[in-house]
Amino acid sequence: MSATGVPGERRAALIIIDVQESFRHMPYWSELDLPPFRAALLRLEAACRQRGVPVVHVFHVEPNGPFSIASGHVRALDWLPGSPDACFFKHTHNAFSDTGLDLYLRRLRIERLLIAGIRSEQCCETTARVGSDIGYEVAFVIDATLTFAMTHPRNGRLFSPAEIKERCELVLAGRFAKVLGVDECLQDPGEADA
């Protein structure tokens with residue numbers, strides 16, 4: 001995962017999506033899956049920094065509530081290292097629309113995105129899809145994403161975070177992204193040359 005300009009290498013960037021205090025103020029927040037997510041994301045983030053891969057933070061902003069700037073919660077969770085290479089604020093489910101992220105990545109000649117963050121099936125998945133559609137090679141680092149249980153609106157079935165993440169893998173793999181765990185991401189020859 002070197003970010004050098006060596007010909008033939010694909011330059012990568014780590015995109016950390018919505019790992020923000022806002023979520024801790026939502027009724028569905030759960031810390032049940034937080035420890036393994038935090039450990040995976042911190043390992044990935046540290047490895048990227050060590051290898052010179054740019055680390056980008058993206059935060060979701062809404063007009064009202066815990067995701068509003070006025071709330072004071074649109075900031076990284078306290079355990080996420082600060083000083084990213086760049087920070088963007090989004091108002092949609094993907095990290096590209098009207099944020100300047102694409103221009104930033106193109107200027108750095110980034111070709112591969114490593115997607116991590118909160119929520120797996122929402123902003124992370126949507127960013128992966130859009131990123132793929134606009135020409136990036138996408139690695140969806142599944143164990144470095146976090147989500148929460150959801151109830152189906154029509155039949156009332158409760159889907160666990162594991163089931164939701166499994167569904168993300170199903171719909172993204174081979175279409176929009178290469179779905180990897182942190183270990184695979186760090187060991188995969190294609191990723192190691194990013």
Side-chain angles (χ1 to χ4, degrees), residues 1 3 12-105 107-108 110 112-128 130-131 136 138-149 161 164-165 168 180-182 185-186:
M1 262 192 298
L14 172 60
I15 313 299
I16 300 176
I17 300 170
D18 299 349
V19 180
Q20 64 193 76
E21 180 66 23
S22 308
F23 278 108
R24 291 183 6 91
H25 301 275
M26 297 304 289
Y28 51 76
W29 173 258
S30 168
E31 298 204 1
L32 184 64
D33 294 326
L34 184 62
F37 161 69
R38 179 174 48 220
L41 181 57
L42 290 176
R43 271 194 334 114
L44 179 63
E45 196 264 1
C48 286
R49 286 184 186 270
Q50 180 182 15
R51 298 171 187 191
V53 173
V55 175
V56 176
H57 289 185
V58 180
F59 297 109
H60 189 77
V61 176
E62 293 180 356
N64 302 301
F67 288 89
S68 69
I69 296 293
S71 73
H73 303 311
V74 180
R75 57 185 166 79
L77 288 170
D78 59 8
W79 50 264
L80 185 65
S83 304
D85 294 286
C87 184
F88 296 90
F89 297 89
K90 65 182 181 61
H91 299 89
T92 63
H93 291 108
N94 79 81
F96 290 103
S97 295
D98 300 322
T99 63
L101 175 61
D102 185 43
L103 179 60
Y104 169 81
L105 296 171
R107 285 181 173 162
L108 291 179
I110 299 297
R112 176 175 289 157
L113 308 179
L114 310 177
I115 303 290
I118 306 174
R119 298 176 65 170
S120 311
E121 80 291 350
Q122 194 163 299
C123 296
C124 295
E125 181 178 322
T126 307
T127 297
V130 173
Y136 293 97
V138 178
F140 193 85
V141 190
I142 192 72
D143 54 349
T145 71
L146 178 71
T147 196
F148 312 100
I164 294 168
K165 289 173 76 168
C168 287
L180 303 168
V182 171
C185 185
L186 299 179

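The basis for the numbers below is simple: all heavy atoms, side chains too, and nothing from hydrogens, waters or symmetry mates.
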Validation row: [X], [Y] side chains within 4.5 angstrom (heavy atoms):
X: I15; Y: L105; result: yes
X: E31; Y: R24; result: yes
X: C123; Y: H93; result: yes
X: H57; Y: L80; result: yes
X: L14; Y: V141; result: no
X: C185; Y: L44; result: yes
X: K90; Y: I17; result: yes
X: T99; Y: Y104; result: no

Non-hydrogen atoms of [X] and [Y] that approach each other most closely:
X: I164; Y: F148; answer: CD1-O, 3.3 Å
X: S97; Y: T92; answer: CB-OG1, 3.6 Å
X: A116; Y: L41; answer: CB-CD1, 3.7 Å
X: H73; Y: P66; answer: CB-O, 3.4 Å
X: C168; Y: F140; answer: CB-CE2, 4.4 Å
X: R75; Y: F59; answer: C-CE2, 3.8 Å

Whether Y136 and F96 hold their rings parallel, tilted or perpendicular, with breakpoints at 30° and 60°: parallel
Parallel, tilted or perpendicular: ring planes of F67 versus H60, cut at 30 and 60 degrees: perpendicular
For [X] and [Y], indicate whether the former's side chain and the latter's backbone hold a donor-acceptor pair under 3.5 Å.
X: T147; Y: R119; value: no
X: D85; Y: V55; value: yes
X: T126; Y: N94; value: no
X: T127; Y: C124; value: no

Euclidean distance, [Y] [atom2] relative to [X] [atom1], rounded to 0.5 Å:
X: L146; Y: L77; atom1: CG; atom2: CG; result: 9.0 Å
X: F89; Y: L101; atom1: CZ; atom2: CG; result: 13.0 Å
X: C48; Y: L186; atom1: SG; atom2: CG; result: 7.0 Å
X: Q20; Y: I118; atom1: CD; atom2: CD1; result: 7.5 Å
X: S83; Y: R49; atom1: OG; atom2: CZ; result: 6.5 Å
X: L108; Y: L103; atom1: CG; atom2: CG; result: 9.5 Å

D98 vs H91, side-chain contact (heavy atoms from CB on, under 4.5 Å): CA-CA, chis, key distance, verdict: CA-CA 8 Å; D98 300 322; H91 299 89; over 6 Å; no
Pair S120, T145: side-chain N/O donor-acceptor within cut-off below 3.5 Å: yes
